[in-house]
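The structure appears right after this line, and notes come after that.
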Amino acid sequence: MPELPEVETVRRGLERFVVGRVISAVEVCHPRAIRRHLPGAADFTASLLGRRVVAARRRGKYLWLPLDSGDAVIAHLGMSGQFLVLDPAEPDGPHLRVRFSFSDDGPQLRFIDQRTFGGLALSPGGAELPQEIAHIAPDVLEDAFDDTRFHEALRRRRTGLKRALLDQTLVSGVGNIYADEGLWLAKLHYARATETMRRPESQRLLDGVRAVMQSALTQGGTSFDSLYVNVNGESGYFERSLEVYGRRGEPCSRCGTLIRRESFMNRSSFFCPTCQRRPRNPHW
DNA sequence: CCTCATTCCTGCGGGC
DNA sequence: TGCCCGCAGGAATGAG
């Protein structure tokens, strides 16, 4: 599942292999992939033909490619989205959704997405910051992220801590996996009421989320070669470095207590019941 | 305005 | 062996 580190790795790949090139053809193989582009596939394609990609940007889990027209292609990888840079002779896989060809006849950019939660759209005039994603907050690795303001916003919420972490309008880039990992590092329970958070606890949480993301980014950034922009969730981080996610029944590396899994928000939460004490007044 | 459940989708794995 | 069902989850959406 691509979260911030994986998406940043993809952004770097796009910067390296796509920026500067002129789009010569666009093929929408599956209409669902551009469902958020309401004018439809023909409009999407027409807006891109002959345009040069001038940058590759990211906010949270959203990517966008500013074009020389001032528009931008917005991309979200969803659960299983990938961008692959492949020679035109390479056969199409079963989940190819959109294909971009370039005027240099070099490698194509292919958007591939098995579970189709991801998608692309054209943002008119969105080169600087697409208005479609203006509601997405800065992420914890950006200079623009203000720890104090995050803490204050957290205390104004009336919800559980993990729910707040997953709210992209409060902090972006955090998904289920890094939320669980960050909470474990900070020794905080997922159902902790946000309004009771104290400043040092908020700081531990931010530091924890930053630590796991930085670590994943370091590992993920090394795993793509010249024709593979990488990735869905497989940054190599998964198998080696996760402390709680997916580890139900395994001992906590800090205290030995067995990791528990609880169902929460229609998904799983993994935590150490000793290190991450359930609060007296949990917020569901 | 705020919070939260629901919804989209497909491959995989477990149970029978 | 094969079928069915649950599970995985980001974020838009609408209900309350």
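All values reported here derive from a predicted model rather than from experimental measurement. Throughout, protein chains are lettered first and strands after them, A, B, ... in sequence-line order, and every chain is numbered starting at 1.
No contact: A/F264 has no heavy atom under 4.0 Å from any strand. In this structure, A/N266 reaches the bases: a heavy-atom distance under 4.0 Å links it to at least one base atom across the strands shown. Contact annotation for A/R158: backbone-only contact, meaning every heavy-atom pair under 4.0 Å involves sugar-phosphate atoms and none involves a base. Contacts of A/H283 with the nucleic acid, taken as non-hydrogen atoms under 4.0 Å apart, involve only primed sugar atoms and P, OP1 or OP2.
The side chain of A/S268 lies closest to C/dG9 when the candidates are C/dA12, C/dG9, B/dG11. Residue A/Y245 has its side chain nearest to C/dA8 when only B/dC9, C/dA8, B/dA5 are considered. Considering only side-chain atoms of A/R261, the nucleotide from B/dC8, B/dT3, C/dA8 that sits closest is C/dA8. Which of C/dA11, C/dA12, C/dG9 sits closest to the side chain of A/Y62 comes down to C/dA12. Looking at the side chain of A/H76, the nearest of the listed nucleotides B/dT6, B/dC8, C/dA11 is C/dA11. With C/dA11, C/dA12, B/dT3 as the choices, the nucleotide that has an atom nearest any side-chain atom of A/R267 turns out to be C/dA11.
Taking atom CD on A/E132 and atom P on C/dA11, their separation rounds to 15 Å, with Å as the unit. When rounded to the nearest whole Å, the span between CG of A/L38 and C1' of C/dT13 equals 14 Å. Rounded to whole Å, atom P of B/dT7 lies 18 Å from atom CE of A/M79.
A ring-ring contact (aromatic ring centres under 6.0 Å, His included) with A/H76 holds for exactly one of A/Y62, A/F111, A/F117; it is A/Y62.
Residues passing the side chain to side chain donor-acceptor pair (under 3.5 Å) test with A/D143: none are found, sequence neighbours excluded.
With a 6.0 Å cutoff to the six-membered ring centre and a 45° limit on the axis angle, A/R59 does not count as a cation-pi contact of A/W64.
Mapped onto DNA chain B by nearest heavy atom, A/Q114 and A/M265 fall at different nucleotides, with A/M265 at the one closer to the 5' end. A residue-by-residue look at A/R115 and A/I136 shows that A/R115 has its nearest nucleotide of DNA chain C further toward the 5' end.
By the 6.0 Å contact criterion, CD on A/E142 is enclosed, its count of non-hydrogen atoms from other residues, nucleotides or ligands being greater than 12.
Once the 5.5 Å centre distance and the 30° plane angle are applied, the aromatic ring of A/F117 is found not to be stacked with the base of C/dA11.
Side chains of A/E132 and A/S123: a donor-acceptor N/O pair is present below 3.5 angstrom, by distance only.
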